[in-house]
Amino acid sequence: MNIKPLHTVSVPCDTEPKSDIIPDELLRWNVIYFSPSSIKSPIAYWLTNKILLSEEFIKKKKPPVIARFGSIVHQLIDEVYFQKFDIKEVLQSIYRDLKKNHQGYDEKDFYKLDVFKDKFLTVYENLAEALRELKITECDLETPIDLELPNLLIPINGYTDGRTKTHVLEFKTKWNRIREVAPCYNVYKITRNGDWSKTKRVFKFEYEANEYAESLDCDSKIIFEDKHFKCDSPPVVKEPYSNDIMQLALYCRATGLKPILIYATERDFKIFTSDNCEALQPQSLNEYVEKARRIALARQGLLLLAKDKQQLVSLIEPPDLSEFWWDLGDDVITEVRKLWKI
């Protein structure tokens with residue numbers, strides 16, 4: 001399953017359209033291809049990022065912390081695992097970069113930055129261990145695809161994480177969830193042996209905590225905690241995520257190669273192939289390609305139908321900003337609210 005890595009040779013990806021075969025209705029939106037990552041994004045998010053936001057506001061988007069650390073792990077796989085660069089030198093470059101590009105970051109983003117600085121090396125080591133288990137020591141990285149599907153007027157373009165002679169690889173890093181904990185009052189009871197209990201009752205308001213403490217038939221103490229953030233345990237990946245399968249299915253169709261999907265967290269790694277996962281068998285992959293085609297076809301139809309941005313917005317259900325817009329930054333979210341009038 002080994003081929004020579006292409007780290008210095010640039011494989012061209014022809015994504016420039018021939019203006020005589022792409023309808024003007026798509027060219028006017030500057031949409032000349034779909035990508036696997038955009039197809040699996042919610043339609044409102046895709047429209048906003050691709051079409052509705054002006055260049056001014058696109059520049060204001062903050063670089064998402066999780067995406068940055070995912071890219072860092074990929075960089076380490078490329079430069080350290082495959083190219084055998086000195087990890088100390090690579091890490092120096094990474095840490096320098098992490099000190100920059102904080103545009104739009106809030107308190108929670110900086111907390112994530114600090115937490116994941118201590119975790120990304122372990123995530124990398126687990127992903128590297130997965131590659132060692134698969135006996136993959138050489139691999140093409142970031143190689144382009146150009147896939148045409150029935151009734152789509154533009155191709156699906158993207159880049160595979162890795163390719164061997166027989167398999168296409170997709171690397172996914174999963175990170176601990178960071179939760180914001182609201183200010184609260186914690187009431188602790190004294191145990192029979194005279195120690196303070198490790199369990200507690202949590203109250204939003206001080207008077208509630210006082211009333212509860214007074215109702216106890218033992219000593220108690222109240223400790224106030226200001227707003228803070230908490231890092232949960234790393235996620236447990238039991239089955240591949242549907243959107244990831246769809247992305248990999250497109251890569252398999254474009255390359256004719258078999259799938260390998262690797263998840264890495266700070267806890268461990270999980271490898272899915274057609275041998276141990278029914279969802280990665282040929283029939284399932286074909287179904288996911290058809291699902292992706294239908295999503296792209298619907299979006300193509302929307303762009304062909306709409307005459308302007310206002311009509312695009314009117315044809316789509318307004319987005320729930322709490323679901324997937326958290327990584328854009330306040331300036332961009334304000335502009336999104338104006339666009340959707342929400």
Side-chain angles (χ1 to χ4, degrees), residues 42 62-70 72-73 94-95 98-99 101-127 172-239 241 263-270 318-334 336-337 342:
K62 65 180 180 181
V65 177
I66 288 179
R68 291 182 72 175
F69 281 98
I72 285 171
V73 172
I94 288 171
Y95 287 128
L98 287 174
K99 292 179 180 179
N101 302 324
H102 299 156
Q103 174 178 283
Y105 277 17
D106 55 23
E107 188 178 0
K108 188 174 183 179
D109 292 313
F110 284 112
Y111 180 84
K112 289 181 182 179
L113 204 63
D114 288 338
V115 168
F116 296 147
K117 278 180 184 177
D118 296 331
K119 298 183 182 298
F120 76 84
L121 263 178
T122 305
V123 177
Y124 155 69
E125 289 164 359
N126 284 332
L127 182 51
K172 296 297 183 184
T173 56
K174 294 297 178 182
W175 303 88
N176 311 55
R177 186 168 73 99
I178 304 300
R179 292 185 291 114
E180 181 176 312
V181 181
C184 60
Y185 294 85
N186 302 310
V187 181
Y188 296 85
K189 296 189 293 184
I190 194 168
T191 61
R192 292 179 179 178
N193 60 10
D195 295 330
W196 291 108
S197 172
K198 294 181 180 179
T199 60
K200 61 186 177 182
R201 284 287 301 272
V202 181
F203 297 91
K204 184 177 180 180
F205 300 106
E206 185 177 14
Y207 78 87
E208 294 175 322
N210 287 331
E211 288 179 355
Y212 174 72
E214 291 172 0
S215 70
L216 297 174
D217 56 0
C218 62
D219 290 338
S220 63
K221 63 179 177 180
I222 300 175
I223 297 179
F224 173 73
E225 279 189 290
D226 205 346
K227 185 187 82 170
H228 61 285
F229 302 100
K230 184 175 180 179
C231 177
D232 288 341
S233 300
V236 177
V237 179
K238 296 181 179 179
E239 298 292 339
Y241 294 81
Y263 291 94
T265 71
E266 70 158 336
R267 175 190 284 118
D268 55 17
F269 64 85
K270 187 77 174 179
D320 180 353
L321 295 182
S322 67
E323 287 185 352
F324 48 82
W325 302 83
W326 52 270
D327 62 341
L328 296 180
D330 291 340
D331 289 340
V332 178
I333 288 178
T334 298
V336 169
R337 290 184 182 277
I342 54 178

To the nearest 0.5 angstrom, please state how far the [atom1] atom of [X] sits from the [atom2] atom of [Y].
| X | Y | atom1 | atom2 | answer |
| --- | --- | --- | --- | --- |
| Lys112 | Tyr105 | NZ | OH | 9.0 Å |
| His102 | Phe110 | NE2 | CZ | 5.5 Å |
| Thr122 | Arg267 | OG1 | CZ | 12.5 Å |
| Ile66 | Arg177 | CD1 | CZ | 11.0 Å |
| Ile94 | Phe69 | CD1 | CZ | 9.5 Å |
| Asp217 | Lys189 | CG | NZ | 7.5 Å |

Asn176 (side chain) donor-acceptor with Asp232 (main chain) under 3.5 angstrom: yes
If only atom types and distance count, is the side chain of Asn126 paired as donor or acceptor with the main-chain N or O of Phe269 below 3.5 Å?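 Checking the backbone N and O of Phe269 against the side chain of Asn126, no donor-acceptor pair under 3.5 Å is found.
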Hey, does [Y] have a side-chain heavy atom less than 4.5 Å from the side chain of [X]?
| X | Y | result |
| --- | --- | --- |
| Thr199 | Ser197 | yes |
| Ile72 | Leu98 | yes |
| Trp175 | Val115 | no |
| Ile223 | Lys200 | no |
| Tyr185 | Arg201 | no |
| Thr173 | Phe120 | no |
| Phe116 | Ile178 | yes |
| Val202 | Glu225 | no |

Of all the heavy-atom pairs spanning [X] and [Y], show the shortest one and how long it is.
| X | Y | result |
| --- | --- | --- |
| Val73 | Tyr124 | CG1-CA, 3.9 Å |
| Thr265 | Pro235 | CG2-O, 3.7 Å |
| Pro318 | Ile342 | CB-CG2, 3.9 Å |
| Glu180 | Lys227 | OE2-CD, 3.4 Å |
| Gly104 | Asp109 | O-OD2, 4.1 Å |

Ring pair (Phe, Tyr, Trp, His ring centres under 6.0 Å) between His228 and Tyr111, worked out: CA-CA 9 Å; His228 61 285; Tyr111 180 84; 8.9 Å; no
For Lys119, give me all partners under salt bridge (charged side-chain N to carboxylate O under 4.0 Å, His left out), at least two apart in sequence or on another chain.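 By the salt bridge (charged side-chain N to carboxylate O under 4.0 Å, His left out) rule, Lys119 matches Glu266.
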Lys230 atom NZ: more than 12 heavy-atom contacts under 6.0 Å: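 Not buried by this count: 12 neighbours or fewer within 6.0 Å.
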Charged tip of Lys270 within 45° of Tyr263 ring normal and under 6.0 Å: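 No, Lys270 does not sit over the ring of Tyr263.
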